[in-house]
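Computed from a prediction, not measured in an experiment: that's the story for all the values here.
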Amino acid sequence: MSDDYGYQVRRLETQTGSMESELYSLRSKLGEVEDLDDELRDIRGDLRSLEDDLSTVRNELTELDTNVRGHIQDTDQALKRLTGRVQTLEAHLLAAGGAPRADLDTIDPQWTKLARTADHGWHVRSGLLPRHQREAHRLKIREYEGAVEERNEHRDKVVEAAGILASRPRTSREFMQAVMDFGMSRSLKVVEAAGILASRPRTSREFMQAVMDFGMSRSLAESHDQRAQRLAGPARAAQAALARDDSLRQAKASLIEQGDKAQRKLNWLLRGRLADAVRDRALLPMWFVTVLGPVPPAHRTQEWMDHATQVLAYRVTYGITDQAVALGAAPDEYVPRRTEWHRELITNLRRW
């Protein structure tokens with residue numbers, strides 16, 4: 001009995017020692033976890049501090065960006081003022097040195113006539129359909145023609161197959177081909193069903209099958225017809241619009257051609273006068289200098305000449321005589337060509 005107690009005591013002591021070891025290990029791990037928790041709190045604190053610092057930096061960057069933009073705007077305005085003063089000094093120097101003054105404001109009566117012809121040609125052309133509208137009308141016509149072609153092809157197959165089915169023995173090659181045609185187009189069964197309905201007893205299996213085929217195929221036949229009807233109206237309207245436009249183009253072709261020729265000749269004359277002034281180092285008008293400068297740039301000279309010629313053409317076309325503003329006042333209300341031309345020139349002149 002004492003041995004049993006001794007064994008149990010030893011076993012309990014062993015278990016107790018093992019549990020104490022595990023308890024010690026757990027306490028060590030708990031200490032490590034507590035240390036990690038302290039470190040985690042420190043990390044979180046550091047993160048909050050970094051976030052605060054980042055927010056401060058962002059605010060400083062925003063303020064710096066605002067200041068830089070303001071300085072850039074001030075510098076740009078100062079540069080424009082300086083450029084204006086330099087241009088004024090250049091003009092005085094050229095005038096003091098006996099440089100000739102470029103006459104870009106005296107308008108030859110022929111130029112005025114050319115401008116009127118060109119303007120009239122532009123307005124005549126504006127009454128024609130633009131290219132994208134003509135193409136949209138052509139698309140509607142092609143859709144309708146495609147639908148009609150598909151429908152006609154379908155009907156031809158129906159008639160041909162129906163004729164074969166009505167006239168050939170069921171064992172012939174032609175009859176078998178017609179059956180294949182029916183299989184390729186379910187709506188062909190309308191014709192076959194009609195033939196069977198007329199030739200078979202109402203109690204036969206063929207008659208009942210024909211009734212089913214007719215009912216299933218009728219909706220398909222109707223949908224083809226409805227699609228063609230839907231496309232027919234827009235196609236007719238598109239065809240009529242193109243016909244009217246073609247007729248108008250033919251009737252107004254001479255006026256449009258005269259307008260194009262007049263515009264090309266006017267541009268050529270104005271460009272020639274400007275080129276002569278640049279060649280002679282003449283003093284250009286102030287209204288010209290304020291938007292295009294006193295001389296053409298060393299780069300993009302061709303583009304500069306094109307824009308300058310368009311400014312001159314605008315002034316001639318609309319009788320602008322303002323000596324300070326190159327294009328004069330903007331139109332008070334929308335005038336098709338003038339308003340669009342004015343906007344285009346304003347946009348182009350910003351590059352210079």
Side-chain angles (χ1 to χ4, degrees), residues 73 76-96 99-123 126 259 262-352:
Q73 185 176 2
D76 184 58
Q77 292 176 352
L79 182 60
K80 288 181 179 179
R81 289 193 296 270
L82 179 61
T83 301
R85 292 175 181 175
V86 170
Q87 290 173 349
T88 302
L89 289 174
E90 288 178 345
H92 285 302
L93 289 173
L94 289 172
R101 292 182 178 274
D103 183 9
L104 301 182
D105 293 306
T106 300
I107 307 302
D108 190 299
Q110 181 191 6
W111 298 5
T112 304
K113 183 178 179 181
L114 289 172
R116 284 199 301 265
T117 303
D119 190 61
H120 181 63
W122 187 94
H123 283 286
S126 67
Q263 189 67 65
R264 288 194 296 268
K265 186 173 182 180
L266 178 62
N267 290 344
W268 178 75
L269 291 169
L270 293 172
R271 187 185 184 90
R273 176 175 285 191
L274 177 60
D276 291 342
V278 173
R279 180 199 60 197
D280 297 338
R281 298 181 181 277
L283 184 62
L284 297 171
M286 188 55 62
W287 60 260
F288 185 98
V289 173
T290 53
V291 292
L292 288 163
V295 294
H299 64 289
R300 297 166 59 194
T301 306
Q302 181 71 30
E303 186 178 356
W304 183 89
M305 287 292 293
D306 292 339
H307 288 161
T309 301
Q310 286 299 305
V311 171
L312 295 177
Y314 182 89
R315 286 177 68 90
V316 172
T317 302
Y318 300 111
I320 306 299
T321 58
D322 195 313
Q323 292 301 303
V325 182
L327 303 178
D332 295 332
E333 56 184 15
Y334 181 79
V335 181
R337 188 193 187 198
R338 183 171 182 177
T339 302
E340 294 165 8
W341 197 0
H342 188 277
R343 290 173 181 171
E344 180 182 355
L345 290 174
I346 288 294
T347 301
N348 292 335
L349 289 175
R350 289 172 183 163
R351 306 175 187 177
W352 308 101

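Between Tyr334 and Glu340, some side-chain heavy-atom pair lies under the 4.5 Å cut-off. Using a 4.5 Å cut-off on side-chain heavy atoms (C-beta onward), Gln263 and Thr117 make no contact. The shortest distance between side-chain heavy atoms of Leu114 and Leu269 falls below 4.5 Å. Taking 4.5 Å as the limit, every side-chain heavy atom of Ile320 sits out of range of all side-chain heavy atoms of Leu327. Asn267 is listed as a side-chain neighbour of Gln310, based on a closest heavy-atom distance under 4.5 Å. Residues Arg338 and Arg343 form no side-chain contact, since every pair of their non-hydrogen atoms from C-beta on lies 4.5 Å or further apart. Inter-residue side-chain proximity for Leu283 and Pro100 is flagged as unmet; no heavy-atom pair is nearer than 4.5 Å.
Side chain of Asp280 to main chain of Ala282: no donor-acceptor pair is present (N/O by atom type, distance under 3.5 Å, no hydrogens or angles). Although no hydrogens or angles enter the test, the distance criterion places no donor-acceptor pair under 3.5 Å between the side chain of Glu333 and the main chain of Pro331.
Taking 4.0 Å as the cut-off between side-chain N and carboxylate O, Asp119 and Arg116 do not count as a salt-bridged pair.
To the nearest 0.5 Å, the span separating CG on Leu104 from CG on Leu270 amounts to 9.0 Å. A distance of 10.5 Å separates CG in Leu292 from CE in Met305, rounded to the nearest 0.5 Å. Annotation: the span from His307 atom NE2 to Gln302 atom CD amounts to 10.5 Å, rounded to 0.5 Å. Note that CD1 of Ile346 and CD of Glu344 are 11.5 Å apart. Values are rounded to the nearest 0.5 Å.
For Ser126, the side-chain contact (heavy atoms from CB on, under 4.5 Å) criterion is met by Trp122, His123, not counting sequence neighbours.
Nearest heavy atom pair, residue Arg273 against residue Thr106, reads NH1-O, 2.7 Å. Thr301 approaches Pro296 most closely through the heavy-atom pair CG2-CB, 4.0 Å. For the residue pair Ala102 and Ala277, the shortest heavy atom distance occurs at CB-CB, 3.6 Å. Closest approach of Ala308 and Leu274 over heavy atoms only: CB-CD2, 3.4 Å. For Gly328 against Asp322, the heavy-atom pair with the smallest separation is CA-CB, 4.4 Å.
Sorted by first and then second residue, the pairs that involve residues 269-291 and meet ring-ring contact (aromatic ring centres under 6.0 Å, His included), not counting sequence neighbours, are Phe288-Trp304. For the salt bridge (charged side-chain N to carboxylate O under 4.0 Å, His left out) condition, the pairs that include at least one residue of residues 288-317, sequence neighbours left out, are Asp105-Arg315, Arg271-Asp306, Arg300-Glu303, Glu303-Arg351.
A 6.0 Å sphere centred on NE2 of His120 holds no more than 12 heavy atoms belonging to other residues, nucleotides or ligands. The 12-atom threshold is not exceeded at CG of Asp332, counting heavy atoms of other residues, nucleotides or ligands nearer than 6.0 Å.
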Between Trp268 and Thr309, is a side-chain contact (heavy atoms from CB on, under 4.5 Å) present by the stated rule, with each step listed? CA-CA 9 Å; Trp268 178 75; Thr309 301; over 6 Å; no
